[in-house]
Amino acid sequence: MREILANWTQKIPESEIRRLLKSKTKYYLAGGLPGNLPTEIFPEILRELADYYDAEDQRIVNEFQYGQTAGWPGLRKVLAERLVRKDKLNCISGEADWEKVLISTGSQQAVYLALDILINPGDIVVTPSPAYLGFVTTVVKVGGHVVTAPTDSEGLIPEYVEDTIIKAEKKFGRKVKILYVVEDSDNPKGTTLPFKRRQQLFEIAERHDVIVICDAAYKEMQFEERIPSMKTLDKDNERVIYTSSSSKEAAPIRIGYSVMPEYLLFEAEKSKGYLDLCTPTLTQRFAEIYYDKYIDSELPKIIQKYKEQKDAAYNALLETFPDGDYTNPSGGFFIWYQAKGEKAYTFDVKKFNQDVLLPNEILVVPGSAFYPPSGHSYDPEAREIEPLKIIKGGMRIGYSLLPKDLIDAGVRKLGKLLSENQ
Ligand SMILES: Cc1ncc(COP(=O)(O)O)c(C=O)c1O
């Protein structure tokens, strides 16, 4: 029967994270499920919605209908205002520019739409190494070609990104089309790009005429003051596709939103129309109230809890892990650890996870999950594009789900097992 399937189904494996979600362990450090949600305000919003609509009211028919493909205007207005007030975007003026905000079903859909409308077979996309698997895998699914660029404890290294673009264009004889950046608390490394690097990456994108997909999925989950996005440098709204999400602090509503150049917005809306016609109006009404009235008072409480969880994980790591490279995130859900030197490429965390961690009630996500099924890597030593180089000896340690005492115990246990097995 396999021959009736589309070709991509044979090239793209099941996501490692989805596979790991099926295993239940006491110390679950694998998925990025948000463990702290504003549970008290959810019933309030539901009550507010119920009070607003009267059973006889035509508004129910009007407002819980199929909606505009680009999203419910009320929600887009609230978000347009917030994007200017909180994120300091200057390519839109605020509420009046609500039509420039595109709503999606999660930001994953926005990322998919961006790739769907931009990628022709073989088009090159430069991503961090390692990178969000929902992005790199989708690039390959739609026919693109991933070239990874090295990262350090602050994320992408601009000098290497520029050289990656130059060398990839030379090697493959075609222009690089997209640069993918997660500025705040990247997944999986948890790194945050300093403003200077954001500026440099934007300039590189301009110099080489590359579109930037700036994925701001973790921007609300910052323990420190937010750094302005690269999108604020794109004053004429010509180069950067900016996507963000409700998912990290209000996961149940699964609202994504994006701002992008107008010629892309038109195509993205067209593509979304064929994917889902529209995002459910009920959740958009819910999200409108959430963003209008609650998010700013709820966020600090939620962020404080994640910070405590991160501190528990980080301190346990410092005390128990063998020598290696690791990050100390200033936001988001993940710490990255990788074995030192050559072991970063040889120590097999996927096997270690399965054979050693799982029987000990622990799970992490192996570094190898954060690479595309095919592609190339820039090697900073050779300064050349090489076959894909995977940091197999890396792991993503998620601290978002468990309470801090379990995180502390789980990471300590993990450190002990790593010391014995690495
Ligand atoms: C970097 C990054 N971008 C995008 C997404 C998609 O998020 P959602 O569709 O829940 O908004 C995720 C989810 O984990 C992510 O980590």
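Both ligands and their constituent atoms are indexed starting at 1 by order of listing. Only a predicted model underlies this, so the values are computations on that prediction, with no experimental measurement involved. Just so you know, these numbers use all the heavy atoms, side chains as well, and skip hydrogens, waters and symmetry mates.
- Of all protein heavy atoms, the one lying nearest to atom 5 (C) of ligand 1 is Y132 OH, 3.3 Å.
- The side-chain tip of R285 points at the ring of Y52 from less than 6.0 angstrom away and within 45° of straight on.
- Near S247, the atoms of ligand 1 lying under 4.0 angstrom from a non-hydrogen atom of the residue are 8 (P), 10 (O), 11 (O).
- Heavy-atom contacts from other residues, nucleotides or ligands closer than 6.0 Å to NZ of K351 number 12 or fewer.
- Within the structure, the closest approach of V111 to ligand 1 does not fall below 4.0 Å when heavy atoms are considered.
- Heavy-atom distances between F135 and ligand 1 stay at or above 4.0 Å for every pair.
- Scanning the protein for heavy atoms near atom 1 (C) of ligand 1, the closest one is D215 OD2, 3.5 Å.
- Annotation: T105 places no N or O atom under 3.5 Å from an N or O atom of ligand 1; distance criterion only.
- Counting heavy atoms closer than 4.0 Å to ligand 1, residue S107 contributes atoms from both its backbone and its side chain.
- Residues K231 and N90 have side chains that never bring a donor and an acceptor to within less than 3.5 angstrom of each other.
- Set against the non-hydrogen atoms of Y218, the atoms of ligand 1 under 4.0 Å away are 1 (C), 14 (O), 15 (C), 16 (O).
- Under 3.5 Å, the side chains of E386 and H376 contain no donor-acceptor pair of N or O atoms.
- Cation-pi geometry between K343 and F347 is not satisfied (NZ or CZ under 6.0 Å from the ring centre, within 45° of the ring normal).
- The main-chain N or O of S93 is found under 3.5 Å from a side-chain atom of D97 such that the two form a donor-acceptor pair.
- The S245 neighbourhood of ligand 1 comprises atoms 8 (P), 11 (O), with distances under 4.0 Å to a heavy atom of that residue.
- For atom 13 (C) of ligand 1, the candidate residues are Q109, Q108, K248; the nearest heavy-atom contact is made by K248.
- Counting only distance, with no hydrogens or angles, the side chain of T327 and the backbone of W336 share a donor-acceptor pair below 3.5 Å.
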